[in-house]
Amino acid sequence: WVRTHPVAVRGWAQSSPPRGWAQFVAPGLRQETPSGGMPGIFDFDELEEAIEAAERRKEEKKADEKLQALRSLADSMVTKLDAVASMGAAEQGDLDDGMSEVYPDDLPDELGGFQASPGDGSSEHSVGEGAYGAWEVVFTRVVARAAPRLDAPVVAIFSKGEVVFEEGSLSDSASSTAPASVASPEDKWVKLYRRHAWILKDGRVRDPTLGDLLRPYAFPPSVVVPERHKPRILCAMRHAWVQAQASSDFLKPPEIRRLRRAEEDALLRASATPGVFDVERFEAVFNDEVDRLTAEVTGRPADAGRLQGEACKAWGYREYHHDSVCSSTGRRIPQEHWRNFRRAGKLIDDMKHRKLPAFQEAKEILEEVAKTCSKLPSLVRVHVPPGATLHVVGDLHGQFWDFLHILEMCGEPSPTNQYLFNGDLVDRGKFSTEVALSVLFMMQQLPGFVHVNRGNHESLSMNWLFGFQAEVKLKYNEEIFDLFCRAFRALPVATVVNDSVFIVHGGLSSNTELRLSQVAALSRDRDPDSPGDVLVDLLWSDPSEYPGIGRSQRGCGVLFGPDVTRRFCELNGLACIIRSHEVKLQGYEWAHAGRCLTVFSAANYCGTCGNDGAVCDITPRHGCPKLELSDLRLRPFPPTDHPVERSGSAVRFGYFC
């Protein structure tokens, strides 16, 4: 048609051609003669070339779109396969028993694809067989669907042991005591609380080989919960489970077990006094554990980039109410505490982004720490009020990113959230300067809330051998290293918590009649390098399974047996001792019949050991002046990825801690 209508084509091109034609027609026109004689000539060859080029571009665009669609489909399949592999992984205590409602065609289009249900949760949907609409998953895997139909798409997968709550099952008011209305037996679905998702109760509706997928939640038989408190307890549980389930695509069995243990532990603590159930105590204990678990699930870094962006949220620029009241003591927290807290948080945040304090600032910090610590006794006595928590952190060895993870996991220091760093802050790790400056500055800015014991690596000879001296000289100079040494020599040697738990870096002395008063009178402004010295023993010794005192392979300190630990505890009225100093695969280890606990916090020590780190939480109970072993709770955590740092430090010997 173009060839048979050249005049029309030429007219369109010169005036206003139809949409889409200009790109084809314009290249075929040649400029008209200025005299107006011969009309312009239309070059059909150039037109054909333009049309062919446009068609090629169109085909290339289609091919690109098809390739992109294939890539998206492949990515989606990989995501689903990874999810299934993760769900099907045989983790410890999670052997698949074949009892699963998940079929190959049941993969969710998007894991965690719940949509919030409009309204305030007061749906008229019936609550099911559970009196309060709380249900426990009894199959290894069950699916939640976008509608109460078997052909509806799957939006999420739940695992055995999870607790789910039905829409309209509990009043938003925790004071409600009346159960919600019970559903008829014909109701086969549970609509999840504030979500467009339904779970089938009876699996036999879908497959005769399946049984009940859900059963009504029941409180542990070991605890008697008054009927009037059940709605309030279940409201707290509902909030916790919904929060945990929203924080991850699906909860893994270890996380589910931790939540269930948190429920039982909180219930036991709330009913510790015979005939009395303290519901406020339940909420405090349970919410504390849930917050920690959620921080681990959502904040545990997967790589260094994510770590740098998220690892220290607890130290961000939050707004605090000054002159707050300490919940455990009733005393007001002075405004100066919050100012000092922000100073410490700012310094740590700067170092997280690879910005060290200026030379003069580092000098002032270390001089002030040495001055403050020199006034402390060698044995510090710490009183943790009931309901508050003291986090005992073991060896860090310059692993700054583990230090940040611990802060995020445990929260900022306060009168009710205290820290005790049990020595060996430096050496081997490539961020020893950052760890030491952070901990010492926290101790100086927040006295009474952050405590530090000396370790065997807080000494000149160890720093020279295992890299801290070289690192400080690389990042600062010899003067700053000398100030570090002064601060280390001034650190206390040991701590006693509530006159019940003795915390020291290494262990006990060869003097089997050692008393706490003798530890408090130790002269510590020196390096621990004299064999047989009590200071050396406290910083270097290790527990042994054999009774009595033995020779240590380290060349310093001793090996002390269960009888030595028992004698020391009985002589000084202690429940147990907590020490660090040794790598443990789980990050901790009990020994000597529950009298000796080792806590080690440098996960994947030296980048090769593959161990977990751990923190020990000490939380005194109300009405108990002395601590018991049940007041100690251990929290292991996996290795934390970190950026690669080129350092001048060198490891000259083996993996002694």
Side-chain angles (χ1 to χ4, degrees), residues 378-379 392-398 420-429 432 452-469 485 488-495 502-514 516 518-562 564-565 567-568 577-584 588-589 591-592 595-602 605-606 609 651-657:
S378 293
L379 177 69
V392 180
V393 182
D395 298 37
L396 287 170
H397 282 294
L420 171 58
F421 294 90
N422 197 26
D424 277 15
L425 306 174
V426 301
D427 282 335
R428 298 195 182 279
S432 294
V452 183
N453 284 344
R454 185 178 182 180
N456 64 306
H457 276 265
E458 276 74 55
S459 67
L460 174 62
S461 57
M462 299 299 287
N463 298 158
W464 180 81
L465 287 172
F466 293 99
F468 181 57
Q469 182 185 33
C485 292
F488 290 162
R489 288 195 298 269
L491 290 175
V493 177
T495 301
F502 179 73
I503 304 176
V504 69
H505 178 74
L508 300 181
S509 170
S510 55
N511 178 8
T512 57
E513 299 297 317
L514 184 67
L516 296 181
Q518 295 173 267
V519 178
L522 278 176
S523 172
R524 65 183 189 276
D525 190 14
R526 53 192 172 88
D527 273 356
D529 51 11
S530 302
D533 186 6
V534 174
L535 178 61
V536 174
D537 290 345
L538 294 175
L539 300 185
W540 278 92
S541 295
D542 298 295
S544 170
E545 60 182 354
Y546 301 104
I549 298 294
R551 182 178 179 181
S552 174
Q553 295 179 348
R554 297 178 184 268
C556 290
V558 297
L559 299 176
F560 58 96
V564 177
T565 303
R567 174 61 179 164
F568 178 78
I577 69 170
I578 299 177
R579 40 95 61 181
S580 301
H581 196 45
E582 283 185 291
V583 182
K584 298 300 177 184
Y588 68 92
E589 183 179 83
H592 297 179
R595 287 290 185 95
C596 180
L597 172 64
T598 298
V599 178
F600 193 84
S601 302
Y605 181 47
C606 294
C609 292
V651 177
R652 294 176 169 84
F653 297 104
Y655 294 131
F656 289 129
C657 301

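Note that the coordinates shown come from a computational prediction; the quantities given were computed from them, not determined experimentally.
A heavy-atom distance below 4.5 Å is not found between the side chains of I578 and V504. Side-chain atoms of N456 and H581, non-hydrogen and from C-beta on, do get closer than 4.5 Å to each other. L420 is listed as a side-chain neighbour of I503, based on a closest heavy-atom distance under 4.5 Å. When side chains are defined from C-beta on, D542 does not count as touching S544, because their heavy atoms never get closer than 4.5 Å. Taking 4.5 Å as the limit, some side-chain heavy atom of I549 sits within range of a side-chain heavy atom of V564. R454 is listed as a side-chain neighbour of P528, based on a closest heavy-atom distance under 4.5 Å.
A donor-acceptor contact shorter than 3.5 Å links the side chain of S541 to the backbone of V558. Between the side chain of D527 and the backbone N or O of L460, at least one donor-acceptor pair lies under 3.5 Å. Put simply, the side chain of H505 gets close to the backbone of N422: a donor and an acceptor are under 3.5 Å apart.
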Checking side chain to side chain donor-acceptor pair (under 3.5 Å) for the pair R524/S378: CA distance, chi angles, key distance, verdict? CA-CA 7 Å; R524 65 183 189 276; S378 293; 3.1 Å; yes
May I have the step-by-step check of side chain to side chain contact (heavy atoms under 4.5 Å, CB included) for V426 and F488, ending in yes or no? CA-CA 11 Å; V426 301; F488 290 162; 4.0 Å; yes
Chi angles and distances behind the side chain to side chain contact (heavy atoms under 4.5 Å, CB included) call for L508, R567: CA-CA 11 Å; L508 300 181; R567 174 61 179 164; over 6 Å; no
Apply side chain to side chain contact (heavy atoms under 4.5 Å, CB included) to R526 and L535, showing your working. CA-CA 10 Å; R526 53 192 172 88; L535 178 61; 3.8 Å; yes
Derivation of the side chain to side chain contact (heavy atoms under 4.5 Å, CB included) call for T598 and Y588: CA-CA 5 Å; T598 298; Y588 68 92; over 6 Å; no
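To the nearest 0.5 Å, the span separating OG1 on T512 from CZ on F560 amounts to 13.0 Å. Note: L559 CG to S510 OG = 11.5 Å, rounded to the nearest 0.5 Å. Annotation: the span from R428 atom CZ to L396 atom CG amounts to 14.5 Å, rounded to 0.5 Å. In this structure, CD on Q469 lies 12.5 Å from OG on S432, to the nearest 0.5 angstrom. To the nearest 0.5 Å, atoms CG (L597) and NE2 (H592) are separated by 12.0 Å. A distance of 7.5 Å separates NE2 of H397 from CG of D427, quoted to the nearest 0.5 Å.
A salt bridge does not link R554 with D537: none of the charged nitrogens is closer than 4.0 Å to a carboxylate oxygen. A salt bridge is absent between E458 and R489; no separation between the charged side-chain nitrogens and carboxylate oxygens falls under 4.0 Å. At a threshold of 4.0 Å, the pair R579-D395 does not count as salt-bridged, since none of the basic side-chain nitrogens sits closer than that to a carboxylate oxygen.
Proximity of the aromatic rings of F468 and H457 is defined here by a centroid distance below 6.0 angstrom, and this criterion is not met. Aromatic rings from Y605 and F600 are positioned such that their centres are separated by under 6.0 Å.
Heavy atoms only, all atoms of each residue included: N453 and T495 are closest at OD1-OG1, 2.8 Å. Between P492 and V452, the closest heavy-atom pair is CD-O, 3.5 Å.
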